[in-house]
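Worksheet for the structure shown next.
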Amino acid sequence: MIQENFVKNIRAIKSIQLQTDFAVIGGGLSGVCAAISAARSGLKVVLVQDRPVLGGNASSEVRLWSLGATSHMGNNNRWSREGGLINEILLDNLKRNKEGNPLILDTVLLEKVYEEKNITLLLNTAVYEVSKKNDAEIKGIVGFCSQNSTTYSIEAPLFCDASGDGIVGFMAGASFRMGAENGSEFDEGFAPNIEDYGNLLGHSLYFYTKEMKQPISYIPPSFAIKNAEELPRIKNYQLGDHGCRLWWVEYGGRLDTIHESENIKFELWKVVYGIWDYIKNSGKYPEAANLTLEWVGTIPGKRESRRFEGDFMLSQKDIVQQRDYYDAVAHGGWAMDLHPADGIYSKHSSCTQWHSKGVYQIPYRCFYSKDIKNLFLAGRIISASHVAFGSTRVMLTCALGAQAVGEAAALCFKNNWKPSDVSENENIKLLQLELNRKGQSIPRISIADKSDLTKIATLKVSSTLQFNGFNLSENWQILTFSTSQLLPLEAKTNYEFNFEVEALEDTSLEIQLRIALEKRSFTPEKILNTHEYQLKKGIHKITFKSDIALDEKQYAFVCLMKNEQIKVRISDERCSAIMTVQNRINKAVSNYGKQEPPKHVAIDSFEFWTPERRPNGKNLAFSVSPFLSIFEKENIVNPEIRPNPKGETNVWIASKEDENPNIQFSWNQVISFNTIKLFFDCDYDHALESTLMGHSEETIPFVVSNYSIEDDKGKLLKKVENNYQAINEIKFEKEIESKSLTFKFSRNQQNIPVSVFKISLF
Ligand SMILES: Cc1cc2nc3c(=O)[nH]c(=O)nc-3n(C[C@H](O)[C@H](O)[C@H](O)COP(=O)(O)OP(=O)(O)OC[C@H]3O[C@@H](n4cnc5c(N)ncnc54)[C@H](O)[C@@H]3O)c2cc1C
């Protein structure tokens with residue numbers, strides 16, 4: 001029993017002092033990725049999160065689906081899903097939670113952090129105080145956990161603010177901005193008219209509904225709005241919509257989104273309960289009789305507040321022109337996506353989204369404060385203009401940048417550097433190498449890894465696919481959309497493509513060969529060749545010969561143009577780095593088949609050619625000659641781990657007939673190593689929304705599940721079964737010595753040949 005007598009003085013609450021290498025504030029996807037990346041690179045990390053679970057806006061408390069460059073597969077960013085740690089998390093989530101239950105994602109994130117022995121996780125702990133060593137450096141932070149009534153004082157040489165509002169940066173005195181820049185500052189045509197459109201994006205609050213077996217009545221709380229039918233947005237509501245499909249329930253962009261956040265939330269509760277009252281009691285939704293509210297958010301999703309200034313501020317032109325930077329460490333590819341500040345009450349459309357033609361780089365200099373010398377920035381607060389923030393703010397882009405922060409923190413700690421020191425030319429290469437080793441795939445930054453022992457090996461493979469097309473299946477597809485086979489073609493080669501089509505009546509078919517204007521996107525804007533075929537009703541074999549060859553190797557689009565009177569034969573075969581795209585519409589990302597922004601916004605007009613998700617998305621059945629030698633074994637030892645617009649597939653694929661695909665490395669003398677890394681095809685093209693959306697598969701069908709590794713004596717070093725991850729890192733306790741290494745792969749599916757992007761050995 002504890003019994004304490006009266007004391008005149010105030011009692012002190014329990015206080016714990018922590019000294020660490022790296023303190024991360026905020027446990028959204030950004031904070032989680034910064035913390036784990038640093039911890040895996042050897043730093044002791046304290047991760048402080050003011051709420052009960054991790055994930056921030058992706059958590060079960062808010063329930064947003066995480067998005068990134070793949071943009072719901074609705075733009076032209078092929079093979080652009082974020083790699084490395086966040087991809088590992090998405091693949092774990094897919095394996096356990098393909099239905100998109102936000103509660104399961106919570107556990108995936110908690111487990112990931114829990115498994116890192118270098119991380120001390122403080123949940124329910126809100127940071128509210130910052131102390132400084134000098135004007136330009138943070139000494140420590142203090143947080144309070146209301147659940148165990150304890151204050152934590154944390155000191156570290158390096159900090160990362162991933163708190164969304166930038167609580168640490170703000171208190172430490174770092175330069176920041178809140179609200180939109182004037183368009184002239186960064187020459188941004190898309191900068192909003194502040195009076196009319198507004199300054200800031202607002203908060204949103206979601207609800208989930210559930211179908212019961214009997215009618216459910218509903219009495220709203222007295223504070224619910226009574227006029228939901230007058231909301232300009234209410235026409236957006238479709239019965240059954242819940243969770244992040246209600247993103248348009250937005251408010252607060254004209255208020256102080258930090259200090260008035262609780263008021264904004266209360267207004268959103270009024271709206272949410274008012275909408276539900278309208279649905280249940282207006283008589284306009286009789287099908288809602290058995291529906292009940294299953295969950296209503298209590299913490300609003302906050303879109304925008306402070307953005308901090310780094311040594312570089314990303315802006316519209318960097319995104320539109322896909323500008324290259326020496327210090328790129330991450331990529332983005334979501335649209336520049338701004339919302340009217342009046343949200344649900346606005347007369348404007350709920351959002352305005354403009355895409356760039358391909359992915360853009362994010363320089364490292366956006367990820368630290370220009371003033372506070374030991375403060376990294378991660379998440380939506382990074383150094384970007386309001387317009388660029390409209391794109392960088394999505395969670396997978398945030399997480400990818402945060403991985404770079406975690407890795408940079410490890411470099412700083414080991415070398416006694418400040419964050420800005422990493423931006424120096426030679427240092428940044430160290431960071432980029434380390435990131436690409438971990439699967440970051442920084443676009444257009446390829447760094448050879450000199451310490452990789454596969455570089456000095458002789459490489460033999462059991463077979464290599466000489467690609468000559470996809471076999472016919474029984475199935476046909478009507479050309480409702482213009483449909484294109486996306487293929488990497490060689491320069492100076494005239495190809496011949498054969499398709500099988502059925503004309504449902506006498507008609508004509510147009511086939512085009514297209515390429516991107518610049519080899520930095522998969523936007524098929526330049527038409528090289530067009531042929532028109534007059535077809536009588538019936539089945540035809542069509543041969544399309546490209547009269548004009550490509551000047552340089554690159555991905556090209558063989559496009560069968562839309563005609564609903566024509567069916568084309570499709571294939572059940574799939575293979576890494578080759579796919580079909582269509583000139584489709586995807587309203588979820590403002591893709592109406594083509595984007596045509598008004599001239600003054602200074603953003604390109606172009607068409608969207610996008611894939612359909614599996615299982616429906618299929619390749620066309622066709623043959624190509626000469627065949628494509630694009631899956632050569634040399635790809636296994638190059639630094640790249642995904643296809644790029646230059647026409648480099650970067651993947652080795654075994655032949656379709658090879659039932660025992662294998663790869664062998666051999667050396668002239670015995671070499672020793674303790675780490676093997678394999679990079680498989682996790683289909684970087686497929687968007688893996690974490691919540692609500694659901695996916696048809698729990699593993700990516702291109703990933704090799706089962707394989708074994710043997711040394712020069714045929715001794716089994718490792719047997720792997722049921723792998724579903726993109727990167728397998730195999731560490732041996734003792735150094736292995738061998739003159740050769742053989743990898744034996746099993747095939748997962750008969751219609752997909754085995755593929756490997758890369759193997760590294762250290
Ligand atoms: C309604 C809405 C819809 C959106 N739609 C999408 C979408 O569909 N897909 C997508 O990817 N992105 C979407 N976004 C954008 C995205 O959710 C945010 O930009 C992103 O979450 C920012 O990541 P973050 O890690 O910076 O912040 P957060 O995810 O907000 O994480 C920050 C974390 O820091 C914690 N924190 C804050 N203050 C403190 C403190 N003092 N001490 C300790 N911890 C603290 C918070 O609790 C939070 O968990 C949307 C945003 C909103 C609001």
Does L509 reach the side chain of H540, with side-chain heavy atoms less than 4.5 Å apart?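 No, every pair of side-chain atoms sits at 4.5 Å or beyond.
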Does some side-chain heavy atom of T523 sit less than 4.5 Å from a side-chain heavy atom of E607?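 No. Closest side-chain heavy atoms not under 4.5 Å.
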Counting heavy atoms not belonging to [X], are there more than 12 under 6.0 Å from its [atom1]?
| X | atom1 | answer |
| --- | --- | --- |
| K455 | NZ | yes |
| E634 | CD | yes |
| K646 | NZ | no |

Taking the six-membered ring of F557 (Phe, Tyr or Trp), confirm whether the NZ or CZ of R514 is under 6.0 Å from its centre and within 45° of its axis.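 No, R514 does not sit over the ring of F557.
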Hey, does the Lys NZ or Arg CZ of R642 hover above the aromatic six-ring of Y684, less than 6.0 Å from the centre and inside 45° of the axis?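 The answer is yes; both the distance and angle limits are met.
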K526: partners by side chain to side chain contact (heavy atoms under 4.5 Å, CB included), with sequence neighbours left out: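 With sequence neighbours excluded, K526 shows a side chain to side chain contact (heavy atoms under 4.5 Å, CB included) to I515, L517, L528, given in chain and number order.
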Assess the pair F757 and W652: is the distance between their ring centroids shorter than 6.0 Å?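 No, ring centres 6.0 Å or more apart.
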Salt bridge D681-R574, side-chain N to carboxylate O under 4.0 Å: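 So D681 does not pair with R574 through a salt bridge.
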Does the side chain of Q353 pick up a donor-acceptor pair with the side chain of D337 at under 3.5 Å?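 Short answer, yes.
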We want to know whether Q432 and E434 form a side-chain donor-acceptor pair, criterion being a heavy-atom distance below 3.5 angstrom.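 No pair is found: no donor N or O on one side chain lies under 3.5 Å from an acceptor on the other.
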Go through the steps to decide whether T543 and N498 satisfy the test side chain to side chain donor-acceptor pair (under 3.5 Å), and finish with yes or no. CA-CA 4 Å; T543 298; N498 295 292; 2.6 Å; yes
Residues V320, E188; criterion side chain to side chain contact (heavy atoms under 4.5 Å, CB included); working and verdict: CA-CA 10 Å; V320 173; E188 295 181 305; over 6 Å; no
Under the side chain to side chain donor-acceptor pair (under 3.5 Å) test, which residues partner S482, sequence neighbours left out?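 Partners of S482 under the side chain to side chain donor-acceptor pair (under 3.5 Å) test: none.
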Examine distances only and state if a side-chain atom of S349 and a backbone atom of C351 form a donor-acceptor pair shorter than 3.5 Å.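 Present.
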